[in-house]
Enquirer: 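Supplied in structure tokens, the structure appears directly below.
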Protein chains: 2
Amino acid sequence: MPPSDGAEKTGTRAEMREEIERTILDAAERVFAEAGFGGATMQAIAEVSGLPKANLHYYFASKEGLYRRVVERIFTIWLGAADSFETSASPEVALRQYITRKMALSRSHRHGSKVWASEVMHGAPIIQDYLETTLRDWTDSRIAVIRRWISAGQIAPIEPRWLLYMIWATTQHYADFAHQIETLNQGPLDDAQWQQATDTVCGIILRGVGLGTAAAQTQGASQGASQGAFPGPLPQAGAA
Amino acid sequence: MPPSDGAEKTGTRAEMREEIERTILDAAERVFAEAGFGGATMQAIAEVSGLPKANLHYYFASKEGLYRRVVERIFTIWLGAADSFETSASPEVALRQYITRKMALSRSHRHGSKVWASEVMHGAPIIQDYLETTLRDWTDSRIAVIRRWISAGQIAPIEPRWLLYMIWATTQHYADFAHQIETLNQGPLDDAQWQQATDTVCGIILRGVGLGTAAAQTQGASQGASQGAFPGPLPQAGAA
DNA sequence: AACAGACTTGACCAACCAGTCAAGATTGTT
DNA sequence: AACAATCTTGACTGGTTGGTCAAGTCTGTT
């Protein structure tokens, strides 16, 4: 593991401090992702960041404190992508955009996704409050949006909660299980494969919620009919 | 954590040994799932299993050896479920049965799923060979089956690989992220919710691959036309 | 130049952990 | 009953880890 470079030595005191903290957080994110919280050592993080161990403790009081900051940073990035689930857009555009952006995040922030997954798998000891407040609020609001789509007959009457879990699971799988995917693929996915995977996921999900036939490749699809436009039968979940 | 009971003191020498080993493996699976390999301690496993720590080392030489046995046991169970992807059945039956069984496994073997996920996330240091041999073979054979379905026009022309990943991701999410799901749900999923989630996942996937309209609720669906029966357009992945 | 506060770091320590061991208890066999 | 093999377990150990600390260095200010 080579040091993650080091573009220090410029800027004000506060800027330099922020930059060093970011360097440490990047290294920590990677080590926590690869070894888990218990398996990660401050020494390993020190080596990846290119700083002596004692220096880490100058910026972050404890291993747990550093870990907490890593997880909080990831959650913030996730929330940013979550906003692409535009409440105003059509179902096609909203779902396609959200899935696409989450797939991109899985590609660019593999380590972060793993840390989040690991944290949740171990019972979310650090970020339980985030789950109960921010994440629950976000989830509830998107479920309400999806229910409105269903009421308007824009998509099939599926239970929104399981749809959201499906999107989370599928997109994050490409980060969390990247090693398995790359083993089966005999190498990292290339640009075309990422594009194809994203398209396939979008296609299955959109068709899966009843937006199959024509489908909006980009923006500006079926905007107009706001009642009873959904064709199919599919009596399933109980939605108002 | 209470000891996992203890129904010992019966059977032959070999049977008792096997039973104690199973008790230890169960405890280890749980502790590894909850704390990760690095965070788990032999002492914790000893307490959960109700045995003194030195006794664990009598049955399993090392922590890593015990961990390896835990992971191998999980993989075996997984392969069993994987066989429900009957190559002879129709797409509807095969997919529905496979998804249903994987969802059931996520409910009954939460800890095992987490250990597997954790192992893969950390680069599969222990079971890399399983990924390269058994898992790759299984995956290739199922991809071939799906391609045949596509060629026969039974399902939409999606890239089979991404479909398989989607099924794995979605079903295992209910085990690996059970804590997050239960937090958002304010309690464990009940029977009806598991049933609804399974139905929703089956519905989205089946419709997503073009088996939407009528759909086979149980067995014996559209068996007959073996060429060009698929209706929709959807030019997407390149399949022979 | 002199001073103060911010930063750096090698050396150190108490706590903890996987694994060992030897003495004893239990069980099957003759 | 006597013996051997298997199993049990408290006490111990060498190595590792998170965290500390004091002696320094650097940087901005007057």
Side-chain angles (χ1 to χ4, degrees), chain A residues 1 3-4 6-25 27-32 34-71 122 125-126, chain B residues 1 3-4 6-25 27-32 34-71 122 125-126:
Chain A
M1 296 187 195
S4 63
E8 289 95 28
K9 280 190 176 163
T10 41
T12 69
R13 211 63 174 255
E15 280 168 351
M16 280 186 63
R17 181 172 186 116
E18 217 170 312
E19 188 166 340
I20 292 177
E21 284 187 0
R22 197 175 18 211
T23 300
I24 296 173
L25 285 169
E29 183 172 298
R30 183 163 148 189
V31 173
F32 282 134
E34 287 172 355
F37 178 80
T41 67
M42 293 298 276
Q43 186 57 47
I45 297 171
E47 276 159 22
V48 171
S49 65
L51 268 46
K53 182 169 74 96
N55 211 343
L56 266 56
H57 278 100
Y58 177 76
Y59 287 98
F60 297 92
S62 68
K63 182 187 177 185
E64 187 180 315
L66 174 57
Y67 175 74
R68 186 185 299 269
R69 285 282 301 276
V70 167
V71 176
H122 297 1
I126 302 293
Chain B
M1 298 186 192
S4 63
E8 288 95 30
K9 278 188 178 164
T10 43
T12 70
R13 212 61 174 255
E15 281 168 351
M16 280 185 62
R17 182 174 184 116
E18 216 171 313
E19 187 166 342
I20 293 178
E21 283 187 1
R22 193 166 351 124
T23 301
I24 296 172
L25 285 169
E29 182 173 299
R30 183 163 148 188
V31 173
F32 283 135
E34 286 171 355
F37 179 80
T41 67
M42 293 298 275
Q43 186 57 48
I45 297 171
E47 278 159 21
V48 170
S49 65
L51 268 47
K53 181 169 74 95
N55 211 342
L56 266 55
H57 278 100
Y58 177 76
Y59 287 97
F60 297 92
S62 69
K63 183 187 176 184
E64 187 180 316
L66 174 55
Y67 176 74
R68 187 185 297 267
R69 286 282 301 274
V70 168
V71 176
H122 298 1
I126 302 293

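Naming: A, B, ... by sequence-line order, numbering from 1 per chain.
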Enquirer: Starting from P on C/dG10, measure out to CG on A/L51 and report it in whole angstrom.
Expert: 11 Å
Enquirer: In whole Å, I'd like the distance from the CD atom of A/E21 to the P atom of C/dA6.
Expert: 14 Å
Enquirer: Tell me whether the side-chain N/O atoms of A/R17 come closer than 4.0 Å to OP1 or OP2 in C/dA6.
Expert: no
Enquirer: Could I get the full list of salt bridge (charged side-chain N to carboxylate O under 4.0 Å, His left out) partners for B/E18, not counting sequence neighbours?
Expert: none
Enquirer: Write down the distance between CD (B/E18) and C1' (D/dC7), rounded to a whole number of angstrom.
Expert: 17 Å
Enquirer: Charged N to carboxylate O under 4.0 angstrom, B/E47 versus B/K53?
Expert: no
Enquirer: What is the distance, rounded to the nearest whole Å, between atom CD of B/Q43 and atom P of C/dA15?
Expert: 17 Å
Enquirer: What is the distance, rounded to the nearest whole Å, between atom CE of B/M42 and atom C1' of D/dT9?
Expert: 14 Å
Enquirer: Report yes if the side chains of B/F60 and B/L25 come closer than 4.5 Å at any heavy-atom pair, otherwise no.
Expert: yes
Enquirer: Testing the basics here: between A/A46 and A/P52, what is the closest heavy-atom pair and its distance to 0.1 Å?
Expert: CB-C, 4.1 Å
Enquirer: Using a strict heavy-atom distance below 4.0 Å, which residues from residues 53-63 of chain B are in contact with DNA chain D?
Expert: B/A54, B/N55, B/Y58, B/Y59
Enquirer: Rounded to the nearest Å, what distance is computed from the CE atom of residue B/M16 to the C1' atom of nucleotide D/dA5?
Expert: 15 Å
Enquirer: Using a heavy-atom cut-off of 4.0 Å across all strands, would you classify B/A40 as base, sugar-phosphate, or nothing?
Expert: sugar-phosphate
Enquirer: Report yes if the side chains of A/L51 and A/I20 come closer than 4.5 Å at any heavy-atom pair, otherwise no.
Expert: yes
Enquirer: Ignoring hydrogens, what is the shortest heavy-atom contact between B/I45 and B/I24? Give both atom names and the distance.
Expert: CG2-O, 4.3 Å
